[in-house]
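Structure record follows, encoded as structure tokens.
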Amino acid sequence: MDDVSLTPLGIVILGLLAERPMHPYEMYQLASVRRGDQLVKIKPGSLYHTVGRLEQQKLLASIGTDREGNRPERTTYAITASGRAALEHQLRDMLAVPVREYPRLPLALAEMHNLSAETACEMLRFRIGHLDATIADFDRTHCQPPAVEKPRIFTVGGDYVRAMTIAEREWLSALVAEIETGELPWLSQELLDRHVGFASPGTPTKD
């Protein structure tokens with residue numbers, strides 16, 4: 001199954017079905033309880049669409065339908081052998097091989113000298129505020145008694161996101177302090193002229 005590329009939502013669905021057969025709404029409920037939207041944005045419509053695509057790829061299969069009262073029929077799905085192989089292959093690759101994903105923040109940091117130092121610090125403080133809110137939300141969710149028992153093996157992905165969010169907040173706070181104290185000199189013509197590799201047009205350079 002090396003040629004099968006799974007979307008993040010496809011990985012979530014196959015991971016749930018690797019535990020036991022489920023119908024799509026049950027998948028949605030269980031994924032929401034375990035992970036919320038910390039790792040993958042899950043909407044019922046996109047989940048149903050992904051289930052249909054995975055069925056076309058023969059990575060899962062319907063095994064029956066049932067109906068409760070006047071509710072619509074619900075189709076229960078199970079993972080196939082091909083689906084399990086594709087899931088395991090993708091997880092091995094994702095765990096072992098770093099991928100350069102080109103997030104927006106490093107680019108913005110590399111080009112923030114095009115703003116004034118004051119503006120850059122102001123924007124970074126806004127971001128730090130958002131990070132604080134995200135960390136508080138993580139902690140609030142973690143401290144609440146769970147409605148359904150969640151073994152840590154199901155939440156370790158969220159733990160990683162929380163740790164990375166804290167690390168980003170601390171690093172950006174230190175960066176703001178460096179800018180405001182002058183420890184990190186802001187871009188100026190004088191700074192450009194001191195560094196041959198970044199000299200402005202017309203600036204003499206040594207051979």
Side-chain angles (χ1 to χ4, degrees), residues 2-12 15 31-32 34-43 45-46 50 89-144 150 152-207:
D2 293 5
D3 58 338
V4 175
S5 180
L6 298 173
T7 65
L9 186 51
I11 292 171
V12 170
S32 298
R34 286 184 181 173
R35 301 180 179 88
D37 61 354
Q38 296 170 358
L39 306 180
V40 180
K41 182 167 286 189
I42 303 175
K43 295 182 178 179
S46 57
T50 303
H89 171 78
Q90 187 113 4
L91 290 175
R92 285 195 298 268
D93 183 68
M94 292 170 67
L95 288 171
V97 183
V99 174
R100 183 167 293 180
E101 297 176 322
Y102 299 100
R104 301 195 318 166
L105 178 59
L107 175 60
L109 291 170
E111 296 295 337
M112 69 179 177
H113 57 263
N114 290 291
L115 303 172
S116 68
E118 293 76 13
T119 298
C121 287
E122 182 183 6
M123 295 304 102
L124 289 173
R125 284 197 204 92
F126 277 130
R127 186 182 186 93
I128 290 168
H130 285 296
L131 295 174
D132 284 337
T134 300
I135 295 166
D137 185 58
F138 273 119
D139 293 342
R140 185 165 50 251
T141 301
H142 181 73
C143 292
Q144 286 178 347
K150 291 190 289 185
R152 185 162 182 261
I153 193 63
F154 291 143
T155 64
V156 69
D159 293 343
Y160 171 82
V161 173
R162 178 182 180 275
M164 293 300 99
T165 304
I166 292 173
E168 179 183 335
R169 190 234 183 271
E170 292 177 349
W171 192 90
L172 291 178
S173 296
L175 177 65
V176 169
E178 284 187 67
I179 296 171
E180 291 181 332
T181 61
E183 185 179 351
L184 174 61
W186 208 245
L187 187 67
S188 64
Q189 189 61 49
E190 179 184 359
L191 182 63
L192 286 172
D193 291 344
R194 286 207 309 266
H195 294 274
V196 173
F198 295 93
S200 58
T203 302
T205 59
K206 295 181 181 179
D207 295 331

Query - Side-chain (T155) to main-chain (G158) donor-acceptor, under 3.5 angstrom - result: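 Here the side-chain-to-backbone pair does not exist.
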Query raised in the report: Would you call L172 and L109 a side-chain contact if the rule is heavy atoms closer than 4.5 Å?
Result: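 Yes; the side chains approach each other to less than 4.5 Å.
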Euclidean distance, [Y] [atom2] relative to [X] [atom1], rounded to 0.5 Å:
X: D93; Y: Q90; atom1: CG; atom2: CD; result: 6.5 Å
X: I166; Y: I135; atom1: CD1; atom2: CD1; result: 5.0 Å
X: I128; Y: E170; atom1: CD1; atom2: CD; result: 11.0 Å
X: M112; Y: L105; atom1: CE; atom2: CG; result: 9.5 Å
X: L124; Y: T119; atom1: CG; atom2: OG1; result: 10.5 Å
X: H113; Y: I179; atom1: NE2; atom2: CD1; result: 12.0 Å

Query - Partners meeting salt bridge (charged side-chain N to carboxylate O under 4.0 Å, His left out) with R152 (sequence neighbours left out) - result: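 Scan of R152 (salt bridge (charged side-chain N to carboxylate O under 4.0 Å, His left out), adjacent residues dropped) gives D159.
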Query raised in the report: Does CG belonging to L95 count more than 12 external heavy atoms closer than 6.0 Å?
Result: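 Yes, enclosed.
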Query raised in the report: How far apart are the closest heavy atoms of I42 and A31, and which atoms are they?
Result: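 Residues I42 and A31, closest heavy atoms: CD1-CB, 3.6 Å.
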Query raised in the report: side-chain hydrogen bond (donor to acceptor under 3.5 Å, both in side chains) between R169 and T165: does it pass, once the steps are laid out?
Result: CA-CA 6 Å; R169 190 234 183 271; T165 304; over 6 Å; no
